[in-house]
Amino acid sequence: MKVTLIGAGPGDPELITLKGIKALQSADVVMYDALVAEELLDHCRPDALKVYVGKRRGAYSCMQEDINPLIVHYAQNYGHVVRLKGGDSFVFGRGYEELDYARQHGLEVEVIPGISSSYAVPAAAGVPLTSRGMSESFWVVTGTTKAGKLSKDLQLAAQSSATVVILMGMHKLLEIADLFSKEGKTDTPIAVIQNGTTPQQRVVVGTIGSIVDEVTKSGIDNPAVIVIGAVAALAVAPENARFFVNLQSDRA
């Protein structure tokens, strides 16, 4: 009885690791999330049981409190369970909670890291999180805490000179823009990247002062990664991607 936790990568099915694919090929059960490319399931054995347990804001097929015991149930009754999660399961993925629950129930566990959307999605849009003379470090912050509020860490991040990457923050974009504006960063570049690394990738680049209007006009929505800092202005349009840019601030 074993549980293997795999990070599936940021969206492009080719960005999963070779070790992850090998684990998929040996799985008796694969429990996968909403942001996982379904093409990855083609690597499973034909007789493997595939269970969708996706969670997206406002649309839950399965609550976390249900997923944990399901992992144990399938492992005890089928053998090898692969838990396939988008990005890297230890970066805002609640992967450790699932791993710890499985371990407490006597299951063998293994972690196969994945490529995190926090750095891969900006890279796919041409945004380096660090670049000599522009940014020496970066923060990765969740847009929403368990209580549904902005993270207090975001306040600290807004005060720094580092690049700030925000995951799961689109529904808080106005609050985020206001927070950075209060720190005197109305003219700071910001990029919003939807469906990064996939053919559906869309990019909006603006300033803290203009981004809310630009996002509204473009219709960009979740899933998206927000990048704030000078490097955000370096975003480029991949072939066939939709790209919007306005680096003129229109808010005081």
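Note that the numbering runs from 1 along the sequence shown for the chain. Both backbone and side-chain heavy atoms feed into the values below; hydrogens, waters and symmetry mates do not.
Listed for the Gln194 side chain is a donor-acceptor partner under 3.5 Å among the backbone atoms of Asp221. The backbone N or O of Asp12 sits less than 3.5 Å from a side-chain atom of Thr197, completing a donor-acceptor pair. Of the possible polar contacts, one joining the Asp88 side chain to the Phe90 backbone as a donor-acceptor pair under 3.5 Å is found. Counting only distance, with no hydrogens or angles, the side chain of Arg202 and the backbone of Ser218 share a donor-acceptor pair below 3.5 Å. Checked by atom type and distance alone, the side chain of Ser181 pairs as donor or acceptor with a backbone atom of Ala177 at under 3.5 Å. Put simply, the side chain of Asp100 never gets that close to the backbone of Tyr96: no donor and acceptor are under 3.5 Å apart. Judged by distance alone, the side chain of Ser89 and the main-chain N or O of Lys85 form no donor-acceptor pair under 3.5 Å.
Annotation for Ile193 and Ala125: closest pair CD1-CB, 3.8 Å, computed over non-hydrogen atoms. What you find for Ala191 and Ala232 is that their closest heavy atoms are N-CB, 3.6 Å. Listed here is the closest heavy atom pair of Ile112 and Ala23: CD1-CB, 3.7 Å. Of all the heavy atoms in Ile208 and Phe180, the pair that sits closest is CD1-CB, 3.9 Å. Taking both residues in full, the closest heavy atoms of Val231 and Ser135 are given as CG1-CB, 4.1 Å, listed atom of the first, atom of the second, then distance. Across every non-hydrogen atom of Val81 and Ala75, the tightest pair is CG2-N, 3.3 Å.
Rounding to the nearest 0.5 Å gives a distance of 4.0 Å between CD of Glu97 and CZ of Arg94. With values rounded to the nearest 0.5 angstrom, Glu214 atom CD is found 11.5 Å from Ile190 atom CD1. Rounded to the nearest 0.5 angstrom, Ile21 CD1 and Glu14 CD are separated by 9.0 Å. Of the inter-residue distances, the one linking Met31 atom CE with Leu5 atom CG reads 11.0 Å to the nearest 0.5 angstrom. In this structure, the separation between CD1 on Ile226 and CE on Met170 is 6.0 Å, given to the nearest 0.5 Å. Taking CG from Leu173 and CD1 from Ile176, the interatomic distance works out to 6.0 Å, rounded to the nearest 0.5 Å.
More than 12 non-hydrogen atoms from other residues, nucleotides or ligands lie less than 6.0 angstrom from CD of Gln104. Heavy atoms of other residues, nucleotides or ligands lying less than 6.0 angstrom from NZ of Lys19 number 12 at most.
Between Thr163 and Ile228, every side-chain heavy-atom pair lies at or beyond the 4.5 Å cut-off. Residues Lys185 and Thr207 fail the side-chain proximity criterion, which asks for heavy atoms closer than 4.5 Å. Two residues are said to be in side-chain contact when any heavy atoms from C-beta on lie closer than 4.5 Å; Leu84 and Leu24 meet this criterion. Looking at Thr4 and Ile6, their side chains come closer than 4.5 Å, going by heavy atoms from C-beta outward. Here the side chains of Leu49 and Tyr78 are in contact, with some heavy-atom distance below 4.5 Å. Using a 4.5 Å heavy-atom cutoff, the side chains of Asp28 and Arg45 are in contact. Tyr32 is listed as a side-chain neighbour of Leu41, based on a closest heavy-atom distance under 4.5 Å. No side-chain heavy atom of Leu40 sits under 4.5 Å from any side-chain heavy atom of Asp42.
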Carefully, step by step, assess Ile166 and Val225 under the rule side-chain contact (heavy atoms from CB on, under 4.5 Å). CA-CA 6 Å; Ile166 304 171; Val225 173; over 6 Å; no
Under the criterion side-chain contact (heavy atoms from CB on, under 4.5 Å), I'd like the reasoning laid out for Lys149 against Thr144: C-alpha separation, chi angles, the key distance, then a yes or no. CA-CA 5 Å; Lys149 299 180 180 180; Thr144 310; over 6 Å; no
For His80 and Val82: C-alpha separation, side-chain torsions, deciding distance, then whether side-chain contact (heavy atoms from CB on, under 4.5 Å) applies. CA-CA 7 Å; His80 182 201; Val82 157; 3.9 Å; yes
May I have the step-by-step check of side-chain contact (heavy atoms from CB on, under 4.5 Å) for Glu110 and Lys2, ending in yes or no? CA-CA 8 Å; Glu110 180 181 4; Lys2 179 179 179 179; 2.8 Å; yes
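The stretch residues 118-130 participates, sequence neighbours left out, in these side chain to side chain donor-acceptor pair (under 3.5 Å) pairs: Ser116-Ser118. For residues 116-143, the set of pairs meeting the salt bridge (charged side-chain N to carboxylate O under 4.0 Å, His left out) definition, not counting sequence neighbours, is empty.
Residues satisfying the salt bridge (Lys or Arg N to Asp or Glu O under 4.0 Å) criterion with Arg103, sequence neighbours excluded, are absent altogether.
For Ser160 and Trp139, the side-chain atoms include at least one donor-acceptor pair closer than 3.5 Å. Under the 3.5 Å distance criterion, with hydrogens and angles disregarded, a donor-acceptor pair is assigned to the side chains of Glu98 and Gln64.
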